[in-house]
Amino acid sequence: MNVVASARRVRVWVTGTVQGVGFRPYVYRLAGELSLGGFVLNDAHGVLIEIEGSTAAVDRFMARLPCEAPPLAVLEGVVVEERVATGDVAFAIRESVGGTVPDAPVTPDTATCDDCLRELFDPADRRFRYPFINCTNCGPRFTIVRGVPYDRPSTTMASFTMCAACRTEYEDPADRRFHAQPNACPRCGPSLRLIGDDTASPDPLAAAVAALRAGAIVAIKGIGGYHVACLAGDERAVASLRARKHREDKPFALMAPSLATAGVLVWLDPAARDLLTGPAHPIVLAPRLRDAPVAQAVAPGAPELGVMLPYSPLHHVLVADVGETLVMTSANVSDEPIAFVDDDARERLRGIADLFLVHDRPIQTRTDDSVVRAAAAPRGPRTTILRRSGGYVPASIPLPGAGTPRPLLACGAELKNTFCLARGTRAWVSHHIGDLENYETLRSFTEGIAHFEALFAVEPEVVAHDLHPEYLSTKYALDIDRVELVGVQHHHAHLAACLAEHGEPGPALGAIFDGTGYGLDGTVWGGELLLGDVRSFRRVGALLPVALPGGERAIRQPWRMACSWLSCALDGGEPDLPASLAGRVDPHAWAQVHRLAVTGTAAPATTSMGRLFDAVASLAGIRAEINYEGQAAIELEAACDPHERGSYPIAIERRARPGPPLVIERTAGPEPPLVIERTAGPEPPLVIDPRETIRAVAGDVRAGLRPGVIARRFHRTIAGATVDACATLAAAHATDVVVLSGGVFQSRLLLESVSSALSATGLRVLVPERLPVNDGGIAYGQAAVAAAQLT
Ligand SMILES: [Zn+2]
Ligand SMILES: [Zn+2]
């Protein structure tokens with residue numbers, strides 16, 4: 001027997017993501033193994049532990065504590081203090097000490113863990129094939145939480161009463177299901193139901209599997225909303241799903257039964273494999289393999305396929321039984337948000353799904369599947385997030401420095417909207433809300449804000465917003481009473497989001513390329529070279545402005561941008577309708593759009609890089625019109641001939657032109673944001689002028705060159721010009737940090753080529769990694785700017 005001559009006692013504070021992730025039972029088990037006395041409890045800052053025992057046991061405890069922590073725990077700080085021994089020999093989990101401000105332990109929904117998977121497929125287990133199995137290490141969290149504190153009664157599991165066996169697990173600190181709020185089993189928990197089935201099968205799952213295998217389209221209620229599924233290899237089923245969803249070309253996501261099956265669909269490097277199998281289980285975009293066994297209609301014209309692995313127990317049993325890859329697309333009609341409320345889903349999906357596989361656990365917050373990509377980068381692969389939602393939200397992201405002195409709300413952009421709440425050094429970026437253009441999304445925006453305010457105890461005193469007066473998110477902000485308003489320029493928000501995420505003080509040079517953002521001069525910006533930090537910025541360069549003929553319509557009809565850029569390249573002369581667009585564009589409409597472009601009637605000026613890509617995609621004959629956002633650029637990238645080594649001429653010059661105001665000042669009160677004009681500094685701004693590029697592209701089109709050659713030459717041209725412009729400006733302004741952000745950098749080819757070339761010149765390249773490069777990252781950027789301006 002081990003006799004403790006003189007006991008040692010220490011107090012340990014652990015901070016980070018340590019609540020609601022099974023950390024206390026873990027500490028309890030570890031202390032038990034090492035025969036230590038003491039206690040563990042949750043307090044307002046994290047977890048507080050006291051242990052007492054032999055010096056050797058205490059040392060072993062401290063060594064093992066961080067290494068063996070539960071999978072969802074993230075330890076940020078461990079502070080140890082010696083205490084006087086009290087003779088404790090037993091170890092206990094004590095009641096939480098309530099702080100005044102709860103740092104609500106609401107964690108993201110997490111994919112089914114290995115232990116639960118083993119039980120799920122073990123015929124001897126009482127949860128064998130139970131589609132709602134979960135434990136402290138996995139299962140739904142964010143999507144079922146109704147309020148705080150995070151406890152069973154404040155989740156959508158409130159109406160299910162645990163049976164004796166589940167209750168015992170729930171109350172036993174040594175059990176994996178200790179305080180697992182959604183704990184359930186077939187006797188006491190949620191159950192499946194199949195609606196629309198005439199076979200009257202007693203087994204809803206088996207009937208759904210049989211229907212899928214026979215080519216049916218089945219709506220499936222998942223964790224954050226409904227999916228619509230069909231066999232991915234079934235041409236007829238996929239085509240009919242497209243027709244019923246009114247979705248012409250936008251790629252469908254796939255759910256593969258296993259990593260091995262996924263590897264037959266797409267090229268998976270180790271980083272992509274890690275993303276597929278990690279706790280978030282997002283949709284991973286990866287290069288499509290030539291012989292990928294999926295229907296042609298799954299992702300027409302796209303260079304990548306979006307693949308995910310089953311992440312809920314329902315998915316696991318379903319996909320295992322079907323035995324094939326499924327199309328698993330969010331259940332909505334065209335651009336509406338994903339359906340998640342049962343009656344509404346039935347109503348909206350009536351014409352789409354043949355059957356509905358549903359369950360009786362309500363979804364509190366709708367979350368789409370997240371979309372990510374592993375991209376090559378000079379210092380190892382980096383994750384690019386295209387949509388940050390299920391599996392990631394609501395994990396907080398730190399604000400740089402001292403954070404915000406006052407609680408704040410940032411309302412985000414109009415498209416791909418997210419909002420962000422912040423208090424102190426922590427920011428909570430919302431799930432993907434979507435495009436704020438219909439009542440449904442606007443409602444989930446306003447309800448989402450109220451929900452987050454309650455969950456994270458943030459009562460905003462400051463509200464940050466975009467400068468675009470027509471964004472619904474801006475209007476929402478301007479309508480809030482008794483708060484201080486901070487207007488943040490769109491592209492500055494992109495730059496600031498990236499700097500803040502990386503804790504980079506700046507100043508840095510930002511190449512911010514996207515489709516549309518409201519500029520300080522009221523024109524449409526989108527090809528911006530900004531110099532700044534989180535607090536403020538100057539516009540030190542931009543793409544040459546051209547007309548956006550017909551405004552919004554030019555976004556849906558890229559041929560309008562082809563006409564505009566050609567007119568500009570011909571100094572206002574009327575371009576002939578290129579052969580590549582003959583038969584696709586009415587010559588009268590072409591002439592009309594030319595007149596809009598040269599007169600500026602209904603044609604605001606834009607420096608949008610996204611629209612330049614549209615113009616070239618259209619000139620090359622790839623897309624005259626688009627069916628989803630970004631389609632022209634995506635297909636232009638897909639068309640690129642990898643063997644082509646040529647490029648086009650492009651001018652980069654400093655030009656003194658009457659510049660727009662360059663610095664925005666924070667404003668207070670309900671009035672529209674105040675823009676204060678400043679000069680650009682000692683040097684005139686740099687202009688990237690692609691008129692020669694456009695003339696050369698038109699020449700290649702006339703000469704009958706293949707679109708793949710033109711596409712590749714154009715990408716190489718823009719990448720080269722971006723690198724030159726950034727290197728020049730970084731040197732001129734004595735910074736070695738370059739930020740690449742904005743929706744145009746969703747292009748893998750452009751991002752990888754620009755970042756590796758810039759790194760090769762010795763510059764430090766920063767790219768958003770925890771948040772999307774597109775407008776999904778705007779809210780966090782706005783929060784960072786507002787916080788910096790308040791301090
Ligand atoms: Zn589990
Ligand atoms: Zn039970």
Side-chain angles (χ1 to χ4, degrees), residues 17-30 68-74 105-145 150-153 155-193 205 222-224 258-259 276-282 308-320 359-362 367 390-392 395:
T17 306
V18 287
Q19 296 187 4
V21 293
F23 200 80
R24 287 174 305 158
Y26 156 68
V27 170
Y28 178 89
R29 282 194 299 275
L30 188 56
E68 298 171 27
L72 300 184
V74 182
V106 178
T107 48
D109 299 326
T110 303
T112 313
C113 73
D114 290 344
D115 289 332
C116 284
L117 269 184
R118 244 187 317 275
E119 292 169 354
L120 184 63
F121 290 106
D122 174 5
D125 193 274
R126 70 187 189 96
R127 292 188 178 87
F128 177 53
R129 290 178 59 81
Y130 181 55
F132 305 93
I133 188 172
N134 67 80
C135 73
T136 317
N137 301 327
C138 74
R141 296 288 184 277
F142 174 62
T143 50
I144 61 165
V145 170
Y150 174 58
D151 215 344
R152 180 108 164 181
T155 70
T156 63
M157 285 296 291
S159 62
F160 298 94
T161 307
M162 273 184 261
C163 67
C166 286
R167 169 66 58 188
T168 306
E169 294 166 340
Y170 182 86
E171 288 172 352
D172 177 4
D175 195 279
R176 197 172 93 246
R177 295 192 166 88
F178 177 70
H179 282 200
Q181 304 305 346
N183 188 27
C185 78
R187 285 187 58 197
C188 66
S191 55
L192 287 178
R193 198 156 60 96
L205 189 78
I223 299 285
S258 65
L259 195 56
L276 269 175
T277 54
H281 265 53
M308 61 183 146
L309 295 178
Y311 57 81
S312 82
L314 173 56
H315 296 147
H316 277 287
V317 284
L318 180 85
V319 175
H359 59 75
D360 50 357
R361 184 178 67 206
T367 54
Y392 293 95

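Order of appearance sets the numbers: ligands from 1, and atoms from 1 within every ligand. Worth knowing before you read on, the calculation uses all heavy atoms, side chains too, and leaves out hydrogens, waters and symmetry mates. Model, not experiment: these values are computed from the prediction.
- Centred on the Zn ion (ligand 2), the SG atom of Cys163 and the SG atom of Cys185 lie at an angle of 110°, reported to 10°.
- Annotation: angle subtended at the Zn ion (ligand 2) by Cys166 SG and Cys188 SG is 110°, to 10°.
- No side-chain donor-acceptor contact under 3.5 Å links Thr110 to the backbone of Cys138.
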Using side chain to side chain donor-acceptor pair (under 3.5 Å), reason through Tyr170 and Gln181 one step at a time and then give a plain yes or no.
CA-CA 8 Å; Tyr170 182 86; Gln181 304 305 346; 2.7 Å; yes

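- In this structure, SG of Cys113 and SG of Cys116 enclose an angle of 110° at the Zn ion (ligand 1), rounded to 10°.
- With hydrogens and angles disregarded, a donor-acceptor distance shorter than 3.5 Å links the side chain of His316 to the backbone of Pro310.
- For the side chain to side chain contact (heavy atoms under 4.5 Å, CB included) with Asp175, the lone residue among His179, Arg177, Glu171 that qualifies is Arg177.
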